[in-house]
Amino acid sequence: MLKLRRHAPGTAPATLVTSETLAVPAVITLIEYDATGIDERKVERVEDIFVCKTNGKISWINIDGVCDGEMLRKIGTHFGLHPLALEDVQNIGQRPKIEEYADHFFIVTKMVYCDGKKDVSFEHVSMFLGKDFLITFQEEGTRDVFDPVRTRLRNARGFARTMGHDYLAYALLDSIVDHFFPVLEDIGEMIEELEDELLVHPTRECVGRLHDLKRTLLQLRRAAWPERELVNTMSRDESGLVSHETKLFLRDCYDHTIQIMDVIESYRDLTAGMMDLYLSSLGMRTNEIMRVLTVVTTIFIPLTFIAGIYGMNFDTAASPYNMPELKHPYGYPICVAVMALIAVAMLAFFRRKKWL
């Protein structure tokens with residue numbers, strides 16, 4: 001992931017920069033299609049994509065890498081993209097949003113991933129939706145969630161090849177939104193495992209994992225909440241960039257964002273209660289330990305009393321009341337037997353009272 005979050009404080013608005021330290025060669029992929037066929041290729045020169053605006057086909061221009069300011073400037077000049085929107089393409093710390101300009105929409109969204117180690121990561125995605133083009137910018141090209149859309153386009157499945165750029169933008173947004181669900185499923189499994197562990201064996205490590213989960217859910221909420229507003233705005237568009245047919249699909253996508261928010265809020269409530277569960281489990285475990293120690297101490301009190309008495313100095317010749325059993329041949333075993341009997345009787349009493 002690129003670490004560039006914003007321009008330096010005081011930078012003039014709509015400034016495009018090229019970062020020499022973070023820049024990777026931009027990879028441009030052009031997909032052009034209509035109801036009869038599809039053409040998918042990589043483009044070496046940015047000027048080669050300029051003809052797609054006038055060929056009458058649906059054009060999806062995907063660019064991996066956002067650090068080349070000169071390339072952004074050329075694309076913005078040809079397609080009439082607003083400079084402030086181009087600046088936000090590079091500022092990858094932007095929250096998901098949609099901005100309406102004279103003849104195009106600028107959309108910012110977040111792709112979410114959950115890798116094998118169950119670490120959640122996010123990727124900044126920008127879209128420009130016009131009547132004759134759709135341009136998407138990604139931070140990097142190693143992965144994305146658009147493969148199902150590409151497959152539908154190649155195989156001419158569903159409505160992908162028969163509708164316009166607005167439907168393609170919906171399909172990409174829907175793929176991004178739907179990818180929240182498997183990530184949330186993984187988080188749900190993590191929460192269940194942690195909850196069981198907190199009940200059986202609460203440790204400090206569990207608290208650390210719990211805080212990581214709460215932080216992850218907060219990040220997911222920050223990404224999903226504005227996503228709902230974004231989709232809702234597109235479904236109510238009156239500029240003409242989004243057709244009535246596409247608005248119907250956007251309503252379904254909006255329902256998915258609501259479901260995602262419900263799941264996230266439920267998980268946040270669970271993790272908030274799990275801290276109380278940890279403290280309760282820790283308190284119960286401490287009480288169990290204290291109860292056992294108290295029982296052991298209570299049992300040894302009378303035994304210590306007896307042993308203390310027999311540890312005194314006695315003179316049986318001075319008086320018959322000076323421990324005459326000290327001279328008894330079975331005095332020691334009798335004393336030990338009495339002490340054992342007292343311990344057993346106390347254990348039986350504690351068990352009857354359900355203190356053990």
Side-chain angles (χ1 to χ4, degrees), residues 88 92-100 105-114 118-127 129 134 136 138 144-149 152 158-160 163-192 194-195 210 212-274:
D88 286 345
I92 60 177
Q94 294 284 330
R95 70 193 296 270
K97 64 179 181 178
I98 180 170
E99 295 179 351
E100 183 178 350
F105 281 149
F106 173 59
I107 301 168
V108 175
T109 184
K110 297 289 184 182
M111 283 192 292
V112 58
Y113 308 103
C114 191
K118 297 186 177 180
D119 294 327
V120 177
S121 57
F122 298 86
E123 182 178 353
H124 179 85
V125 179
S126 304
M127 300 184 190
L129 171 62
L134 176 67
T136 57
Q138 302 182 46
D144 61 28
V145 299
F146 297 149
D147 282 341
V149 179
R152 293 202 302 271
F159 302 92
M163 299 185 69
H165 294 88
D166 55 340
Y167 181 84
L168 178 58
Y170 148 74
L172 298 180
L173 286 173
D174 186 62
S175 183
I176 290 173
V177 169
D178 285 350
H179 205 70
F180 275 81
F181 287 108
V183 173
L184 289 173
E185 288 177 2
D186 290 339
I187 292 178
E189 294 176 0
M190 295 167 63
I191 290 176
E192 290 180 1
L194 184 57
E195 190 173 26
L210 178 58
D212 290 340
L213 280 174
K214 295 176 72 173
R215 188 181 301 110
T216 299
L217 289 171
L218 179 60
Q219 293 173 338
L220 285 170
R221 186 181 186 278
R222 291 176 61 186
W225 181 271
E227 202 83 41
R228 182 175 65 172
E229 300 175 2
L230 185 161
V231 175
N232 186 44
T233 301
M234 288 189 67
S235 66
R236 298 176 183 274
D237 170 60
E238 298 180 356
S239 67
L241 288 174
V242 181
S243 65
H244 175 72
E245 292 78 8
T246 302
K247 289 179 181 179
L248 299 178
F249 291 98
L250 284 168
R251 292 176 191 171
D252 180 69
C253 186
Y254 178 73
D255 290 339
H256 292 175
T257 61
I258 293 178
Q259 295 175 28
I260 290 170
M261 284 304 305
D262 288 343
V263 174
I264 291 175
E265 293 299 333
S266 298
Y267 285 171
R268 291 186 69 196
D269 291 340
L270 282 174
T271 53
M274 286 170 67

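The residues of the chain are indexed from 1 along the displayed sequence.
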Give every donor-acceptor pair under 3.5 Å between a side-chain atom in residues 257-265 and any protein atom, sequence neighbours left out.
| from | atom 1 | to | atom 2 | distance (Å) |
| --- | --- | --- | --- | --- |
| T257 | OG1 | Y254 | O | 2.5 |
| E265 | OE2 | R221 | NE | 2.7 |

Side-chain polar contacts of residues 171-184 - donor-acceptor pairs under 3.5 angstrom, sequence neighbours left out - could you list them?
| from | atom 1 | to | atom 2 | distance (Å) |
| --- | --- | --- | --- | --- |
| S175 | OG | V145 | O | 2.4 |
| D178 | OD1 | H256 | ND1 | 2.9 |

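Here the straight-line distance linking atom OG1 of T233 with atom CD of E99 works out to 11.0 Å at 0.5 Å rounding. Between the CD atom of E195 and the CE atom of M274 there is a distance of 5.5 Å, given to the nearest 0.5 Å. Distance OH/Y267 to CG/L220: 11.0 Å, rounded to 0.5 Å. For the atom pair L230 CG and K110 NZ, the distance stands at 12.5 Å (nearest 0.5 Å). Here CD of E123 is found 11.0 Å from OG1 of T109. Values are rounded to the nearest 0.5 Å. Note that CD of E227 and CZ of R222 are 14.0 Å apart. Values are rounded to the nearest 0.5 Å.
By the 4.5 Å heavy-atom criterion applied to side chains, V149 and L168 are counted as neighbours. V112 has its side chain out of reach of Q219: every pair of non-hydrogen atoms, C-beta onward, lies at least 4.5 Å apart. Two residues are said to be in side-chain contact when any heavy atoms from C-beta on lie closer than 4.5 Å; L241 and E100 fail this criterion. M234 places none of its side-chain heavy atoms less than 4.5 Å from the side chain of Y170.
Nearest heavy-atom pair across L250 and V231 is O-CG1, 3.3 Å. What you find for D144 and F146 is that their closest heavy atoms are OD1-N, 3.1 Å.
A donor-acceptor contact under 3.5 angstrom links the side chains of N232 and R236, judged on distance only.
Looking at K247, its side chain does come within 3.5 Å of a backbone N or O of D237 through a donor-acceptor pair.
E245 pairs by the side-chain contact (heavy atoms from CB on, under 4.5 Å) definition with M163, S243, not counting sequence neighbours.
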